[in-house]
Participant: 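Can you keep this structure in mind? I'll have questions shortly.
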2 protein chains.
Amino acid sequence: MDGEKIRKQVKDEFIEYMTLHKHRKTSERFAILDHIYSIKGHFNMDSLYDSMKDEGFRVSRSTLYNTIELLLDCNLVVKHQFGANASQYERAYGNENHDHIICIDCGDVRESRNNLISDTQLKKIKKFTVSYYSMYIYGVCSKCSHARRMKLNRMRKK
Amino acid sequence: MDGEKIRKQVKDEFIEYMTLHKHRKTSERFAILDHIYSIKGHFNMDSLYDSMKDEGFRVSRSTLYNTIELLLDCNLVVKHQFGANASQYERAYGNENHDHIICIDCGDVRESRNNLISDTQLKKIKKFTVSYYSMYIYGVCSKCSHARRMKLNRMRKK
DNA sequence: ATGTATGCAAACCATTTGCAATGAC
DNA sequence: GTCATTGCAAATGGTTTGCATACAT
């Protein structure tokens with residue numbers, strides 16, 4: 001398994017970043033990074049907080065926010081803002097850029113690998129250094145579109 | 001000018017939607033729709049509230065939220081969630097789908113017309129009815145990347 | 001020894017909710 | 001007349017902030 005290797009690699013990158021920016025290398029920061037890189041898919045502050053506590057490493061929410069900020073800055077974590085709910089995050093390294101298909105009714109987020117955009121297209125953007133992109137496709141999932149039809153039928157009958 | 005024509009058209013669509021869903025056609029709702037369709041570009045609840053008040057039509061924030069909800073549901077308005085700040089909205093009708101280029105440092109949002117995705121590609125998504133999509137390209141704008149370089153240089157010297 | 005990072009509690013702020021008064025039907 | 005809608009004020013909840021304590025340097 002190369003999860004170990006990736007974890008080593010991102011830790012080194014994080015150390016390099018903290019050294020350069022004169023940030024202290026605390027055990028909390030390493031634990032948070034390591035924990036994030038053991039999560040597959042999205043997480044939010046609550047789920048991160050809970051799962052870390054479950055594994056016996058309690059960190060305050062302030063520290064989580066503080067550390068995520070650093071991880072975003074050095075591009076080891078990506079932040080998403082689907083709908084109005086809590087921000088979602090995911091690891092950036094060893095995690096291909098993918099599109100998100102979001103249901104505007106139930107808020108369900110599905111991922112899709114079919115990258116619709118090529119990197120060469122992104123390079124065309126002037127006076128801008130692209131660090132990542134998010135493709136959010138909003139619509140109604142099959143479950144909710146069924147519910148919508150039902151509701152409409154009921155209204156028509158009234 | 002065809003702004004008038006569009007306003008008439010969306011009003012009719014809104015009426016149709018409200019009739020079908022048995023919602024009451026209040027003066028507030030029409031005023032809000034009309035006002036939104038006089039705004040070019042993005043707006044948020046605060047700017048909408050303020051500009052409506054400036055034009056002599058005061059509506060409560062509750063009503064704004066309430067009405068925007070309806071307008072989103074009938075696809076006359078699109079909602080965006082750039083960063084953690086307040087949601088941004090824009091009219092949907094007579095406003096081509098465009099990409100957003102967002103600076104992760106200063107939060108500035110630039111629009112670009114070069115639609116990177118074709119509709120046929122979107123049709124490929126299974127079990128999902130696409131109503132719109134948002135392409136968010138995150139990165140650092142030229143102004144901020146300059147500021148970053150300065151900051152890094154200062155750190156290196158220390 | 002110095003001052004950054006942590007953790008707690010309080011503050012913040014966009015959005016939501018509860019409820020009495022209003023007005024569309 | 002009925003009940004959805006409005007507008008106000010209070011509540012909510014994710015995130016931020018202030019500050020005393022802990023600990024990396």
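The sequence lines fix the lettering, A, B, ..., with proteins before strands; numbering per chain opens at 1. Side chains included, hydrogens not; waters and symmetry mates left out as well; all remaining heavy atoms used.
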Participant: May I ask you to say whether B:R7 pairs ionically with B:D34, meaning some side-chain N is under 4.0 Å from a carboxylate O?
Facilitator: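 Salt bridge present between B:R7 and B:D34.
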
Participant: Between B:T63 and D:dG7, is there a side-chain N or O to OP1/OP2 distance below 4.0 Å?
Facilitator: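 Checking D:dG7 against B:T63, a side-chain N or O does come within under 4.0 Å of OP1 or OP2.
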
Participant: Enter the inter-axis angle for the ends of the helix from C:dA1-D:dT25 to C:dC25-D:dG1 (five pairs per end, rounded to 10°).
Facilitator: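 End-to-end axis angle: 30°.
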
Participant: Taking atom CZ of A:F57 as the centre, report whether more than 12 heavy atoms of other residues, nucleotides or ligands fall under 6.0 Å from it.
Facilitator: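 For A:F57, atom CZ is crowded (more than 12 foreign heavy atoms under 6.0 Å).
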
Participant: Work out which heavy atom in A:N44 is nearest to a heavy atom in A:Y89; give both atom names and the distance.
Facilitator: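 Taking every non-hydrogen atom into account, CA-CD1, 4.3 Å.
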
Participant: In residues 26-33 of chain A, which residues come under 4.0 Å of DNA chain C by heavy atom?
Facilitator: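 Result for residues 26-33 of chain A: A:T26, A:E28, A:R29, sorted by number.
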
Participant: Base contacts versus sugar-phosphate-only contacts with protein, heavy atoms under 4.0 Å: please encode nucleotides 16-23 of chain C as B, S and - from 5' to 3'.
Facilitator: BB-----B

Participant: Mind listing the side-chain donor-acceptor pairs of residues 24-33 of chain B below 3.5 Å, one per line with the distance, residues two or more places apart or on another chain?
Facilitator:
| from | atom 1 | to | atom 2 | distance (Å) |
| --- | --- | --- | --- | --- |
| B:T26 | OG1 | B:R29 | N | 3.3 |
| B:R29 | NH1 | B:R24 | O | 2.8 |

Participant: Find out whether A:H35 and A:S51 are in side-chain contact, i.e. whether some heavy atom of one side chain is under 4.5 Å from a heavy atom of the other.
Facilitator: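 Yes; the side chains approach each other to less than 4.5 Å.
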
Participant: Tell me, do B:V59 and B:L48 make a side-chain contact under 4.5 Å, heavy atoms counted?
Facilitator: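 The answer is no, as the side chains (C-beta and beyond) never meet within the 4.5 Å cut-off.
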
Participant: In whole angstrom, what separates B:L70's CG from D:dA4's P?
Facilitator: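 The distance from CG of B:L70 to P of D:dA4 comes to 14 Å, rounded to the nearest Å.
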
Participant: Treating B:Y37 as the side-chain partner and B:L76 as the backbone partner, does any N or O pair qualify as donor plus acceptor under 3.5 Å?
Facilitator: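 Such a contact is found between B:Y37 side chain and B:L76 backbone.
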
Participant: Working note: A:I68 + A:M45, criterion side-chain contact (heavy atoms from CB on, under 4.5 Å); need CA distance, chi angles, decisive distance, verdict.
Facilitator: CA-CA 9 Å; A:I68 284 272; A:M45 285 305 185; 3.5 Å; yes

Participant: Enumerate the residues from residues 41-52 of chain B whose closest heavy atom to DNA chain D is under 4.0 Å, giving them by residue number; use none for an empty result.
Facilitator: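 Contacting residues: none.
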
Participant: B:Y65, B:V78: one ILVMFWY side-chain cluster at the under-4.5 Å cut-off?
Facilitator: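 Cluster IDs for B:Y65 and B:V78 differ.
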
Participant: Can a side chain N or O of B:K22 be found less than 4.0 Å away from OP1 or OP2 on D:dA4?
Facilitator: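 No.
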
Participant: Can you give me the closest heavy-atom contact between A:G41 and A:E90, atom names plus distance?
Facilitator: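 Minimum heavy-atom separation between A:G41 and A:E90: O-CB, 3.8 Å.
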
Participant: Between D:dC23 atom P and A:M18 atom CE, what is the distance in whole Å?
Facilitator: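 So the two atoms are 17 Å apart, to the nearest Å.
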
Participant: Hey, which sits more toward the 5' end of DNA chain D by its nearest nucleotide, A:S87 or B:N66?
Facilitator: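 By nearest-heavy-atom nucleotide position, the 5'-most residue is B:N66.
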
Participant: The side chain of A:R58 is closest to which nucleotide in this list: C:dT6, C:dC8, D:dT5?
Facilitator: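 The closest nucleotide is C:dC8.
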
Participant: Going hydrophobic residue to hydrophobic residue with side-chain gaps under 4.5 angstrom, can you get from B:Y93 over to B:L20?
Facilitator: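 B:Y93 and B:L20: separate clusters.
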
Participant: Can you pull every protein N or O that's under 3.5 Å from an N or O on nucleotides 11-13 of chain D?
Facilitator:
none

Participant: Do the ring centers of B:H100 and B:F82 come within less than 6.0 Å of each other?
Facilitator: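 Yes, ring centres under 6.0 Å apart.
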
Participant: Rounding to a whole Å, what distance do you find between B:F82:CZ and C:dA14:P?
Facilitator: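 Nearest whole value for this atom pair: 17 Å.
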
Participant: Would you call the rings of B:H80 and B:H42 parallel, tilted or perpendicular, where under 30° means parallel and over 60° means perpendicular?
Facilitator: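 Geometry flag for B:H42 against B:H80: perpendicular rings.
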
Participant: Would you name the heavy atoms of B:C141 and B:C103 that are closest together and state the gap between them?
Facilitator: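 Closest approach of B:C141 to B:C103: N-SG, 3.5 Å.
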
Participant: For A:F14 versus A:L70, what's the shortest heavy-atom pair and its separation?
Facilitator: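 A:F14 and A:L70 have their closest heavy atoms at CE1-CB, 4.2 Å.
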
Participant: Taking a hydrophobic cluster as the set of Ile, Leu, Val, Met, Phe, Trp and Tyr residues connected by side-chain heavy atoms closer than 4.5 Å, whether directly or through intermediates, do A:Y49 and A:L72 fall within one such cluster?
Facilitator: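 Yes, same cluster.
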
Participant: Quickly work out the A:Q81 CD to C:dA14 C1' distance and round it to whole Å.
Facilitator: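 Rounded to the whole Å, the gap is 12 Å.
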
